[in-house]
Amino acid sequence: MESVEEEIPRIGVFVCHCGINIGGVVDVPGVVEYAKSLPNVVYAEDNLYTCSSDGISRIKESIAKYNLTRVIVASCTPRTHEPLFRAACEEAGLNRYLFEMANIRDQCSWPHMHEPEKATEKAKDLVKMAVAKASLLKPLDEPEIDVAASTLVIGGGISGMTAALCLANQGFKVYIVEKEPELGGTVKKLNKLYPTLVNANEGLSKIVEAVKAHRNIEVLTSSVAKQVMGFIGNFEAVVQIGNGQNENLAVGTIIVATGANVFQPVGMYGFGEYHNVVTQLQLETLIKDSKLEKTERVVMIQCVGSREEEGRTYCSRVCCMTALKNAILIKESHPETDVCILYRDLQTYGGHYEDYRRMAQDMGVKFIKYILEKPPTVAPLQDRSLCVSVYHALLGEQIDLKTDLLVLSTPLIQHEDAKDLSRMLKVPLGPDGFFFEAHVKLRPVDFATDGIYVCGTAHSPKDTAESISQAFGVASRAAIPMATKRLRTEAITAIVNEKLCSGCGTCVKICPYSAIVKNEKGVAKVTDVLCKGCGTCGASCPEKAIIMRHFADEQIIAQALAAIGRELA
Amino acid sequence: MQASLDLAARGFKVYLVEKSPSIGGRMVQLDKTFPTMDCSICIVAPKMIDCLRSPNIRLLTYSEVQEVSGTAGNFTVKILKKPRFVDEERCTGCGVCAQHCPVEVPNEFDMNLGVRKAIYIPLPQAVPLKYTIDMENCLQCGLCQRVCGAEAIDFDQQPETISLNVGAVIVATGFELFDPATRTEYGYGRFRNVLISLEFERMLSASGPIGGHIMRFSDGRIPRRIAFIQCVGSRSLKGGVSFCSSACCMYATKESILIREHEPECEVYIFYNDLKVFGKGFQDFVARAEDEWGVKYVRSLPGEVIEDHKTGDLTLWYEDTTENVTESLGADLVVLCPALIPRASNKELAGILGLELDEYGFFKSKDPQFAPVDTNVSGVLICGYCQGPKDIPESVAQASAAAARAAETLMMASEGAH
């Protein structure tokens, strides 16, 4: 490896016609001739398609024949083709990072198709830049690490248990850490589930039993994770178990399934002041325990403490359907009770929920849309009932509803202690307080940090079926590194020059993968296996103490100077 | 793709069957995705490439499932590989053939707003990057054959039947669009300046047929006011489907912001019934559209759209249910958000696989609450929109879910075999 650095580089350049995509615009043979004149270039040729099997063989043969120590392909785009050419180098015995690509199609022949002469000049410049950088390339390794085939699931609710069972069935060892004395989470508190109205606890208890009986699952109730160190494949967790003692667990992956709390609307619409103002969850409990007294009217107000202008701006997703469900259940047992739902926008999305609303409507549930500018108000009446006054937008007038029971639909909110967990695992919380995934669209259950995943209402409000879907999803994601057992990590990582580092901590804060810590000497230290080589730290280091492998300052500067016709001093 | 990638990453062999010439699905047609406003193709293309490059995934594009027999752990699947009339092994995707092909037909990928040749790839980022001859429109002039340096054109190519033995089957067939022309009151198909949202996405796309310029088809003018109409054929008991498509409120909001970005002078109105803001970050996104971009939301579904035949200008009549008044609004362009509905072909596929469909035509979950990706047939899993309305992140998460359940099936089957 050392020898490559010391020897004078021997560069081979392969310029691709890409059929007519490049060749129809750029003078490819001209670029080849030009490449031959550049420093350290010992060989250059053109190919109709460098990516064809013929082209790949040409690269491999040339590496052997001309003893090439660097390879450049000037062609389409690294996005699709860099892995292929890197693999070709490796197969010919050259370190894959001694390959460099010049993008003369996507960034040259395509955008400049009407200016062939200028495009040819640009293609030459791009090749010259690649040559300048290639001379300074260094071989890199992709270190391999072992991955323990075990998972720590934090949270023993429906999401955590579903993920645990799925992984355990595949032969992985699973530890469930649950802070409450019993498994079950929020679903345990529910009565029936919409839209099928199945008994929540029947479904739940089957899962709890399966979890308890599974030989691959160890359940730790009344327990909390106190400390988590390490990285993917090699996490070490300290869990304080029920009896106050600590247990150390070594796991390969971690799943956050801590669920959510229900917001208590103290001081809103007379909650806490009048005895007959309850939350939707309290109503659910009353119905479940058959303690709901017969009343003339029940009024429900949606979006209490959610979709606010500031603070809890989000919609809590499950409240409209929960209100509908409880309204239907009230109507089923007491058809004469008048049920009014005051709502802003009904969240009856998906396959069956809209028909569920129609069913409620057919049963006589009344829907009154209120507008944010004129929210409902509550006043006590002498007979201890309440008067809910609301501006009925459709009628255009204020109406009064005398009611014996006022139900407030409040949002799911993040647990208080989520902040501690977020710090411990070095995974972020979003502006809404919920755990923040790696990518909103395409990585919905991964964290940016490898080996840690999120599912259920810890991620955002969602119902049982949605939580279960996500929990199975998490099981798949966590199984990937555990099934492969070994992991090739990123070669292009950051290195800290300890002599230059002032210990300011900018990189520690800015690293999206939590790959940098301050070590005992007070200087930045990169954990290679966590680093993704994004370069954010290198760009922000005020002391220029961070070097990005493969994108070192001298490499980039050489490339830039080549573009303007100068050489590295 | 996500289900395939998850399974392939952990060592299972995956056959990815796609009936069109390229994988990618619907997301590749979109311009941007909210809330990050990532370019859609830019974030999907790497996944497409990953599918292509994975040694454990075999792509069977331009192929359809014909027959399935057997049980969990041991299914026999017959696949019909339709002839591309281009040898996939030889074709390098250079595009010389298409350049010479004299036949131009509307490009389905661009919602027929642009044209393609009779020998074509649906999109520049097609995976695999292999051309296909559309025989319905091909003149068989042989020009492509003459210019193809790779000698890949094969007019004699025959349909091929491939038989596979697999342990599990995942169904992820997505959705199709409700035909908005059946809602005659909105004039789609009659008025040139009435579009549907997916057409509008292609219009917005910088790599689309119009280069990302917003314009009216009647006169090429930049519109000064655009109105979106939600729930065209959805949440409807008359002409359409009863359910909510779950994605329209948010993509309309996204498209509105993009309009304001492209053409700050253009006003945007969204006509809706209930604003569906139930997902993560949705409400904040709507607030951003309203406060930062001046998008106007009107709680009303217009009764009809009228066209001035001379100018192509449109007028929407609606009852504002918040203000309780009947009003009209002039608009240069109207974008309809049609219901996203289960594919009609689900019925056939359900028959092949022995699956049940629900009352809407979606594949039915074994248990809607506790086993959402399982079906009545053990070892056959479902995910994405074909299981019920959902957005991209939900589809991606559910794809992983189906992969996990498939993995369970496969591992249990191999345990049983030992």
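Numbered from 1 within each chain, the chains take letters A, B, ... in sequence-line order.
In terms of heavy-atom pairs under 4.5 angstrom with chain B, the leader among A/Asp463, A/Thr162, A/Leu193 is A/Leu193. Put simply, of B/Asp6, B/Ile49, B/Val396, the one with the most heavy-atom pairs under 4.5 Å next to chain A is B/Asp6. By number of non-hydrogen pairs under 4.5 angstrom with chain B, the leading residue of A/Pro431, A/Cys51, A/Gly203, A/Gly171 is A/Gly203. For the set A/Gln470, A/His352, A/Lys206, the entry with the most heavy-atom pairs within less than 4.5 Å of chain B is A/His352. Ranked by heavy-atom pairs under 4.5 Å with chain B, the first of A/Val445, A/Thr348, A/Val198, A/Thr196 is A/Thr348. Counting heavy-atom pairs closer than 4.5 Å to chain B, the top residue among A/Gly350, A/Pro461, A/Ala465, A/Ala479 is A/Gly350. Most heavy-atom pairs under 4.5 Å with chain A: of the set B/Phe370, B/Phe282, B/Phe278, B/Phe362, this distinction falls to B/Phe278. Counting heavy-atom pairs closer than 4.5 Å to chain B, the top-ranked of the candidates A/Gly24, A/Ser476, A/Cys320 is A/Ser476. Per-residue heavy-atom pair counts under 4.5 Å with chain A were compared for B/Ala9, B/Gly388, B/Gly11, and the maximum is reached by B/Ala9. Most heavy-atom pairs under 4.5 Å with chain A, from the set B/Lys390, B/Gln99, B/Arg405: that is B/Arg405.
Heavy atoms closer than 4.5 Å to chain B are found in the backbone of A/Leu395, but not in its side chain. Heavy atoms closer than 4.5 Å to chain B are found in the backbone of A/Tyr194, but not in its side chain. Proximity to chain B (any heavy atom under 4.5 Å) is restricted, for A/Ile158, to the side chain, taken from C-beta onward. Neither the backbone nor the side chain of B/Gln387 has a heavy atom closer than 4.5 Å to any heavy atom of chain A. Looking at A/Ala87, there are no atoms closer than 4.5 Å to chain B (heavy atoms on both sides), in backbone or side chain. If you measure heavy-atom distances from B/Asp358 to chain A, the contacts under 4.5 Å come from the side chain alone. Heavy atoms of B/Asn273 lying under 4.5 Å from chain A belong exclusively to its backbone. If you measure heavy-atom distances from A/Val440 to chain B, the contacts under 4.5 Å come from both the backbone and the side chain.
Closest heavy-atom contact between A/Glu354 and B/Ser242: CG-O, 3.0 Å. For the residue pair B/Ser236 and A/Arg358, the shortest heavy atom distance occurs at N-NH2, 3.9 Å. The two residues A/Pro444 and B/Pro393 make their nearest non-hydrogen contact at CG-O, 3.4 Å. Of all the heavy atoms in B/Pro389 and A/Gly351, the pair that sits closest is CD-N, 3.4 Å.
Taking a cutoff of 4.0 Å between a charged side-chain nitrogen and a carboxylate oxygen, A/Asp345 and B/Lys276 do not qualify as a salt bridge. With salt bridges taken as basic N to acidic carboxylate O contacts below 4.0 Å, none links B/Lys280 and A/Glu466.
Within the 4.5 Å cutoff, no side-chain heavy atoms of A/Lys462 are placed close to those of B/Glu394. Taking the side chain as every heavy atom from C-beta outward, A/Leu442 and B/Met27 approach each other to under 4.5 Å. Residues A/Asn169 and B/Met411 are not in side-chain contact: their nearest non-hydrogen atoms beyond the backbone lie 4.5 Å or more apart. A/Leu84 places a side-chain heavy atom less than 4.5 Å from the side chain of B/Arg53. At least one side-chain heavy atom of B/Glu408 sits less than 4.5 Å from a side-chain heavy atom of A/Phe472. Between A/Pro195 and B/Gln369 there is a side-chain heavy-atom pair separated by less than 4.5 Å. Side-chain contact between B/Gln283 and A/Glu308 is absent, with no heavy atoms from C-beta onward closer than 4.5 Å. When side chains are defined from C-beta on, B/Cys94 counts as touching A/Tyr49, because their heavy atoms get closer than 4.5 Å.
Distance CD1/B/Ile392 to NE2/A/His439: 9.5 Å, rounded to 0.5 Å. The structure places CG of A/Asp446 at 7.5 Å from OG of B/Ser400, a figure rounded to the nearest 0.5 Å. Distance CG/B/Asp274 to CD/A/Gln347: 7.0 Å, rounded to 0.5 Å.
In this structure, A/Lys441 is positioned above the aromatic face of B/Phe34, its NZ or CZ under 6.0 Å from the six-membered ring centre and within 45° of the axis.
Against chain B, the residues from residues 480-487 of chain A that qualify, each with a non-hydrogen atom under 4.5 angstrom away, are A/Ile480, A/Ala483, A/Thr484 in number order.
For the residue pair B/Tyr360 and A/Asp355, a side-chain donor N or O sits within less than 3.5 Å of a side-chain acceptor on the partner. Side-chain N/O atoms of A/Ser469 and B/Gln398 include a donor and acceptor closer than 3.5 Å.
Few gaps surround CZ on B/Phe285; more than 12 heavy atoms of other groups in view lie less than 6.0 Å from it.
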